[in-house]
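Pasting in a structure now, in structure tokens, and then I'll have a few things to ask.
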Amino acid sequence: MCRWTPSVAHLYPELAFGSIPAEASVSRLPLPNAASLCLACLTLLIVTAGPVTGACTPGFGHEPLQVLASGMNCSWTLERHTRSYNHLEGDVRLRRLYSANKFFLSIDKTGKVDGTRRKNYADSLMEIRSVSVGVVAIKSVSTGLYLAMSKKGSLFGSVKYNPSCKFKERIEENGYNTYASLRWKHGGRQMFVSLNGRGKPRRGHKARRRHPSTHFLPMLPS
């Protein structure tokens, strides 16, 4: 609760000029009413709390009150924060998944999943589509096949999109991404998309989150 203590001279200018003896009149001065106090508190909150509750688009250089007076549109901090997420449903990215073992994940027209060192290999260009928050579907642009994982943890290319094509995408502490099957687990453990040191896919149950073979960098196509 803010405390407002206006000066006598400010509320009653005649006292400042000596027209009424201050000693005789101060005791009879009425206290500010509740409306005045609320107005003062509201004004103070608007001026001081602008950067906390909402902020204008950077670069305008206007104070909150000036913006309101001029009719400019402000973008709330919460709204900008929500829009900054890249994994919201419907988000689509074209990427090449480059593993920590230095292979690009690829899906050929027969449905075979493999790793290649060829940077611009057509079958390695993937469309990564967010199907829900933190869950993606990965499809080869050239073959149109979806990356899928079987119940036994084997990777393959699926003609049709189905629950086996959903992967939980997570950014690890080292900056790489991991992709774990949303549908299948092995003994309660997550099964990950993984390429070994020869670029061959590993069974999901043999991979662990901290293994370099499960770490991928989504690289922009060149």
Side-chain angles (χ1 to χ4, degrees), residues 83-222:
R83 289 177 180 175
S84 70
Y85 285 102
N86 293 324
H87 299 158
L88 295 179
E89 184 175 356
D91 176 59
V92 179
R93 293 160 282 157
L94 290 181
R95 298 289 188 272
R96 298 184 192 275
L97 293 178
Y98 186 64
S99 74
N101 289 335
K102 300 180 180 180
F103 290 95
F104 293 96
L105 184 73
S106 66
I107 307 173
D108 68 17
K109 61 183 179 181
T110 67
K112 181 182 178 181
V113 176
D114 210 346
T116 178
R117 295 192 187 275
R118 295 165 59 185
K119 185 176 181 181
N120 295 317
Y121 187 50
D123 294 349
S124 68
L125 181 60
M126 303 293 173
E127 177 188 274
I128 304 177
R129 179 182 297 272
S130 295
V131 294
S132 62
V133 177
V135 179
V136 299
I138 302 170
K139 183 176 72 172
S140 171
V141 174
S142 64
T143 65
L145 299 180
Y146 291 91
L147 180 67
M149 182 179 288
S150 70
K151 186 176 181 179
K152 294 183 178 181
S154 298
L155 295 175
F156 65 96
S158 174
V159 175
K160 294 183 179 180
Y161 172 74
N162 60 74
S164 294
C165 303
K166 295 181 180 181
F167 294 90
K168 290 186 288 185
E169 182 181 60
R170 171 173 165 170
I171 302 176
E172 302 297 334
E173 294 178 356
N174 60 1
Y176 284 81
N177 286 8
T178 55
Y179 298 89
S181 174
L182 181 67
R183 185 180 189 183
W184 304 116
K185 290 186 178 181
H186 180 79
R189 288 179 174 270
Q190 290 184 319
M191 295 199 292
F192 293 88
V193 176
S194 175
L195 295 176
N196 64 22
R198 295 181 291 110
K200 302 302 179 182
R202 301 181 65 179
R203 291 283 185 91
H205 66 275
K206 292 185 177 180
R208 296 291 182 267
R209 183 183 300 279
R210 295 188 178 276
H211 285 182
S213 62
T214 66
H215 295 173
F216 293 87
L217 280 179
M219 298 179 63
L220 287 169
S222 56

Closest heavy-atom contact between A137 and V131?
-> CB-CG1, 4.1 Å
Qualifying residues under salt bridge (Lys or Arg N to Asp or Glu O under 4.0 Å), relative to K119, sequence neighbours excluded = none
Determine, stepwise, if the pair W184 / S164 fulfils side chain to side chain donor-acceptor pair (under 3.5 Å).
-> CA-CA 8 Å; W184 304 116; S164 294; 3.2 Å; yes
With sequence neighbours excluded, what pairs up with D123 under the salt bridge (Lys or Arg N to Asp or Glu O under 4.0 Å) test?
-> none
Should M126 and V141 be marked as a side-chain contact (heavy atoms from CB on, under 4.5 Å) after you check the CA-CA gap, both sets of side-chain angles, and the distance that decides it?
-> CA-CA 6 Å; M126 303 293 173; V141 174; 5.9 Å; no
Heavy atoms, side chains only, cut-off 4.5 Å: are S130 and R93 in contact?
-> yes
K152: salt bridge (Lys or Arg N to Asp or Glu O under 4.0 Å) partners, not counting sequence neighbours = none
With sequence neighbours excluded, what pairs up with Y146 under the ring pair (Phe, Tyr, Trp, His ring centres under 6.0 Å) test?
-> Y161
Can you list every salt bridge (charged side-chain N to carboxylate O under 4.0 Å, His left out) pair that touches residues 128-137, not counting sequence neighbours?
-> E127-R129
Check: S213 side chain, S194 main-chain N or O, donor-acceptor pair, under 3.5 Å | no
Qualifying residues under ring pair (Phe, Tyr, Trp, His ring centres under 6.0 Å), relative to H211, sequence neighbours excluded | none
Under the salt bridge (charged side-chain N to carboxylate O under 4.0 Å, His left out) rule, what pairs show up with a residue in residues 209-222, not counting sequence neighbours?
-> E172-R209
Which atom of S124 lies closest to which atom of F104, heavy atoms considered = CB-CB, 4.0 Å
Specify the closest pair of heavy atoms between F103 and G115, including all atoms of both residues, with the distance to one decimal.
-> CD2-C, 3.9 Å
Any side-chain donor paired with an acceptor under 3.5 Å for N101 and S99?
-> no
Among all residues two or more places apart in sequence or in another chain, which pass the side-chain contact (heavy atoms from CB on, under 4.5 Å) test with K102?
-> Y98, R117
Check whether any side-chain heavy atom of M149 sits under 4.5 Å from a side-chain heavy atom of S154, and report yes or no.
-> no
Are side-chain heavy atoms of K139 and I107 found at a separation under 4.5 Å?
-> no
Who passes ring pair (Phe, Tyr, Trp, His ring centres under 6.0 Å) against Y121, sequence neighbours left out?
-> none
Specify the closest pair of heavy atoms between L155 and P201, including all atoms of both residues, with the distance to one decimal.
-> CD1-CB, 4.0 Å
From K109 atom NZ to S140 atom OG, the distance as rounded to the nearest 0.5 Å = 12.5 Å
Atom pair CE/NE2 of M191 and H205 - distance to nearest 0.5 Å | 8.0 Å
Give, for atom CZ of R170 and atom CD of Q190, the distance between the pair rounded to the nearest 0.5 Å.
-> 8.0 Å
Given side-chain contact (heavy atoms from CB on, under 4.5 Å), test T214 with V193 step by step and report yes or no.
-> CA-CA 6 Å; T214 66; V193 176; over 6 Å; no
Qualifying residues under side-chain contact (heavy atoms from CB on, under 4.5 Å), relative to A100, sequence neighbours excluded | Y176, P212, H215
Hey, could you give me each pair passing salt bridge (charged side-chain N to carboxylate O under 4.0 Å, His left out) that has a residue in residues 182-202? Not counting sequence neighbours.
-> D114-K200
Tell me, please, which residues at least two apart from L97 pass side-chain contact (heavy atoms from CB on, under 4.5 Å).
-> L105, I128, I138, Y179, F216, P218
If you take all heavy atoms of C165 and S158, which pair is closest and at what distance?
-> SG-CB, 4.0 Å
